[in-house]
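Just so it is clear, the values below take in all heavy atoms, side chains as well, and ignore hydrogens, waters and symmetry mates.
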Amino acid sequence: MAAVAQCVRGALRPRLPLHPLLSAALRTSPRLLCAATQQKNTGQNLEEDQSQKAESSSAEKLLAEEKAKLEEQLKEVTDKYKRALADAENVRQRSQKLVEEAKLYGIQSFCKDLLEVADILEKATESVPKEEIKDDNPHLKSLYEGLVMTEVQIQKVFKKHGLLRLNPVGAKFDPYEHEALFHTPMEGQEPGTIALVSKIGYKLHGRTLRPALVGVVKD
């Protein structure tokens, strides 16, 4: 009853004078007026709720769009970061490989010069007549033995640094390791094999430093 009376008092305080019939109706039907006022207020509240819901839905939509944009940007940045890491790793591996190759093959120019010395020693020992190497010719014998020892020692040094001889007599011709000077028929030899080595070849750590100069058997 207190709420009804308050509602009626609020309705009976209009700013403008009311029609006599309306005033009589208000005095005779206070409950009806209060119910109408409450219904009007309820309608206004519903409209406000709907408006708030619409605004909330619009805000949620904007937030969802912003979230999608941020996720896409994060994905792009992550992809760029991963690609940058992969590129940096490739550069590191290539640099490491270049450094390792420089350590292995940095001496190849020096080795090529030493090969000429080894060739001269080999020719010197081959040029000494074997029948002249005897005790009654001690000077020649000592010289020959010194050349042989020097040749053996230089080959040990070559091997220590990864430099190996290529003397492929009887082996199959390999264009990566051998250089054919001529082709010749030879009985009892399979075509494509090496019949003669004119100059010894060398490989440095598995890479051909100087191909062997050879003669190849043909049909």
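- The shortest non-hydrogen separation linking Leu147 to Ala124 is CD1-CB, 3.9 Å.
- Here the side chains of Leu164 and Lys159 are in contact, with some heavy-atom distance below 4.5 Å.
- Here OG of Ser127 is found 11.5 Å from CD1 of Ile120. Values are rounded to the nearest 0.5 Å.
- The CZ atom of Arg92 lies 12.0 Å from the CG atom of Leu85; values are rounded to the nearest 0.5 Å.
- Using a 4.5 Å heavy-atom threshold, the side chains of Arg83 and Asp79 count as touching.
- Atom NZ of Lys160 sits in a sparse spot, with 12 or fewer heavy atoms from other residues, nucleotides or ligands closer than 6.0 Å.
- Residues Glu89 and Gln93 bring a donor and an acceptor atom of their side chains to less than 3.5 Å of each other.
- Residues Glu65 and Lys61 have side chains in contact (heavy-atom distance under 4.5 Å, counting atoms from C-beta outward).
- Val217 has its side chain out of reach of Pro185: every pair of non-hydrogen atoms, C-beta onward, lies at least 4.5 Å apart.
- In this structure, Tyr202 OH and Gln155 CD are separated by 4.0 Å, a value rounded to the nearest 0.5 Å.
- The structure places NZ of Lys67 at 10.0 Å from CG of Leu70, a figure rounded to the nearest 0.5 Å.
- With values rounded to the nearest 0.5 angstrom, Glu100 atom CD is found 7.0 Å from Lys103 atom NZ.
- We find the NZ-CD distance between Lys130 and Glu132 to be 11.5 Å, quoted to the nearest 0.5 Å.
- What you find for Glu151 and Thr125 is that their closest heavy atoms are OE1-OG1, 3.5 Å.
- Cluster partners of Leu196 are Leu181, Phe182, Leu213, counting Ile, Leu, Val, Met, Phe, Trp and Tyr whose side-chain heavy atoms approach within less than 4.5 Å, directly or via other members.
- Minimum interatomic distance between Pro168 and Val214 (heavy atoms only, all atoms of both residues): CG-CG1, 4.2 Å.
- Tyr144 shares a hydrophobic cluster with Val128, Ile133, Leu140, Val148, Val152; the chain of contacts runs through ILVMFWY side chains whose heavy atoms sit under 4.5 Å apart.
- Grouping the Ile, Leu, Val, Met, Phe, Trp and Tyr side chains by contacts below 4.5 angstrom, directly or via other members, places Leu104 apart from Leu98.
- The environment of Lys172 atom NZ is dense: over 12 non-hydrogen atoms of other residues, nucleotides or ligands sit within 6.0 angstrom.
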Distance-only donor-acceptor pairs under 3.5 Å for side chains of residues 204-211, two or more places apart:
residue : atom : partner : partner atom : Å
His205  : NE2  : His161  : O            : 3.2
Thr208  : OG1  : Tyr176  : O            : 2.9
Arg210  : NE   : Ile200  : O            : 3.2
Arg210  : NH1  : Asp119  : OD2          : 2.7
Arg210  : NH2  : Asp119  : OD1          : 3.3
Arg210  : NH2  : Asp119  : OD2          : 3.4
Arg210  : NH2  : Ile200  : O            : 2.4

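- The closest donor-acceptor contact from the side chain of Ser142 to the backbone of His139 lies at 3.5 Å or more, if one exists at all.
- For the pair His178 and Phe173, the tightest heavy-atom approach, listed with the atom from each and the gap, is CB-CE1, 3.6 Å.
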